[in-house]
Amino acid sequence: MKFKPLKKLKNAFILLSNDDGIGSFGLRLLEDELRQAGARVAVAAPLSEKSGFSHSISGDLAYSEMYDDFTQLPRRIEKIDDFHFGIDGTPADCVHVALTLLLQEKPDLVVSGINMGRNLAEDILYSGTIGAAAEAIVRGIPAFALSQDIEGPDPDWSVAKKYTVPLIEKLAAESFDINTLISINYPNILPENLSGICAARQGERRFPDKSLLKNNYPDDYAETAKNKITVTPLTIDYTDYKALDKIQKLF
């Protein structure tokens, strides 16, 4: 099965979340750019930074759909207005509670970020930014996770500002598998120094000799280092199908 393509962002309803907290610069930038593109935006993000929480769900928020109103939840939910909520929980909690209790309308898309720091290679396993997007996928909504490299003395967000809306528009118009989320990483450079946009696999740092991997796809970690924006499809289906075929023959 595949997600229905989103042909245009204008008038689309988009839920935003992150792991840096509701007051983060990257989240505000993302909201501003999407609103300028004509999207209708809601925000549900942690009240404080929740980096590194991956896809963890808090036990006392796991069944939020059983409550009649968010004020009954055993966690602090700060309603700023009808479309902005700060939540005492993980990034995945925020998306979960928003979709099951806070929003009156199902979003067309969930976008997590823009994270302060890249999410490449093994970082993906720990990332709360990825976790928020993964929770949307679990709930049947297409999702993007956006991350900005901030290494160096002066983080520059101008590439993210320039390319976020065009990239989301282009990718959302495609039909991806219902288990797939899209991770985008921006290099910390000025737009004039950008080398391009690259479709890349999840890379790894644990193999110094990449030639041993015999993989035909570019590595997200390596390509971002070449001043490229990397676009990586990730799946929440952890099954190793090659290994599954081998195991089937054993029994």
Side-chain angles (χ1 to χ4, degrees), residues 3-46 79-87 91-92 94-99 102-119 127-137 139-150 155-176 180-186 191 194 197 229-234:
F3 285 119
K4 181 180 178 181
L6 181 61
K7 296 299 184 182
K8 58 182 180 179
L9 294 186
K10 186 175 182 180
N11 295 322
F13 184 41
I14 302 176
L15 172 64
L16 306 185
S17 192
N18 71 354
D19 68 2
D20 292 320
I22 195 161
S24 77
F25 178 83
L27 182 64
R28 294 198 304 272
L29 186 155
L30 178 60
E31 181 176 5
D32 289 346
E33 292 303 307
L34 289 171
R35 286 192 183 279
Q36 288 181 35
R40 297 178 296 119
V41 176
V43 177
K79 181 179 179 179
I80 300 167
D81 57 43
D82 287 343
F83 296 99
H84 293 80
F85 298 87
I87 299 171
C94 295
V95 173
H96 175 80
V97 172
L99 296 180
L102 300 179
L103 302 182
Q104 303 301 311
E105 178 184 352
K106 181 179 179 181
D108 299 299
L109 183 69
V110 172
V111 183
S112 179
I114 301 170
N115 187 61
M116 295 182 66
R118 61 196 182 190
N119 279 303
S127 169
T129 306
I130 300 294
E135 180 62 17
I137 297 294
R139 296 278 159 183
I141 299 172
F144 290 77
L146 310 181
S147 304
Q148 168 67 52
D149 183 10
I150 59 171
D156 193 292
W157 296 77
S158 51
V159 168
K161 182 177 176 63
K162 180 176 181 179
Y163 286 94
T164 286
V165 166
L167 278 170
I168 291 176
E169 284 182 326
K170 191 176 188 68
L171 291 162
E174 297 295 321
S175 182
F176 293 101
T180 299
L181 67 92
I182 305 298
S183 175
I184 298 172
N185 278 272
Y186 299 110
L194 186 69
I197 301 171
I229 298 172
T230 58
V231 181
T232 304
L234 304 173

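All of these numbers come straight from a predicted model, not from anything done at the bench.
Taking 4.5 Å as the limit, some side-chain heavy atom of Ile130 sits within range of a side-chain heavy atom of Ser183.
In plain terms, the two heavy atoms of Asn18 and Gly113 that are nearest each other are CB-O, 3.8 Å. Nearest heavy atom pair, residue Trp157 against residue Leu29, reads CB-CD1, 3.9 Å. Smallest separation of non-hydrogen atoms from Leu99 and Ala136: CD1-CA, 4.5 Å.
When atom types are taken as modelled, the side chain of Arg35 and the backbone of Arg40 share no donor-acceptor pair closer than 3.5 angstrom. Remark: the backbone N or O of Ala132 is not paired with any side-chain donor or acceptor of Ser17 at under 3.5 angstrom. Ser175 contributes a side-chain N or O that, together with a main-chain N or O of Phe3, makes up a donor-acceptor pair within less than 3.5 Å. Under a 3.5 Å cut-off, the side chain of Arg28 and the backbone N or O of Gly23 do form a donor-acceptor pair. Formation of a donor-acceptor pair under 3.5 Å by the Asn185 side chain with backbone atoms of Thr230 is not found in this model.
Each of Asn115, Thr164, Asp156 was checked for a side chain to side chain donor-acceptor pair (under 3.5 Å) with Tyr186, and the lone residue meeting it is Thr164.
With values rounded to the nearest 0.5 angstrom, Ser158 atom OG is found 8.0 Å from Gln148 atom CD. Considering CG of Asp108 and CG of Asn11, their distance stands at 10.0 Å, rounded to 0.5 Å. Taking CG from Leu109 and CG from Leu9, the interatomic distance works out to 7.5 Å, rounded to the nearest 0.5 Å.
Lys170 NZ: 12 or fewer foreign heavy atoms inside a 6.0 Å radius.
By the 4.0 Å N-to-carboxylate-O rule, Glu169 lies too far from Lys8 to be salt-bridged with it.
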Q: Under the side-chain contact (heavy atoms from CB on, under 4.5 Å) rule, what do Leu16 and Leu34 come out as? Steps first, then yes or no, please.
A: CA-CA 10 Å; Leu16 306 185; Leu34 289 171; 3.6 Å; yes

Q.
Evaluate Phe144 against Leu171 for side-chain contact (heavy atoms from CB on, under 4.5 Å), listing each step before the verdict.
A. CA-CA 9 Å; Phe144 290 77; Leu171 291 162; 3.5 Å; yes

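Ser127 and Asn119 are linked by a side-chain donor-acceptor pair at a separation below 3.5 angstrom, with hydrogens and angles left out of the test.
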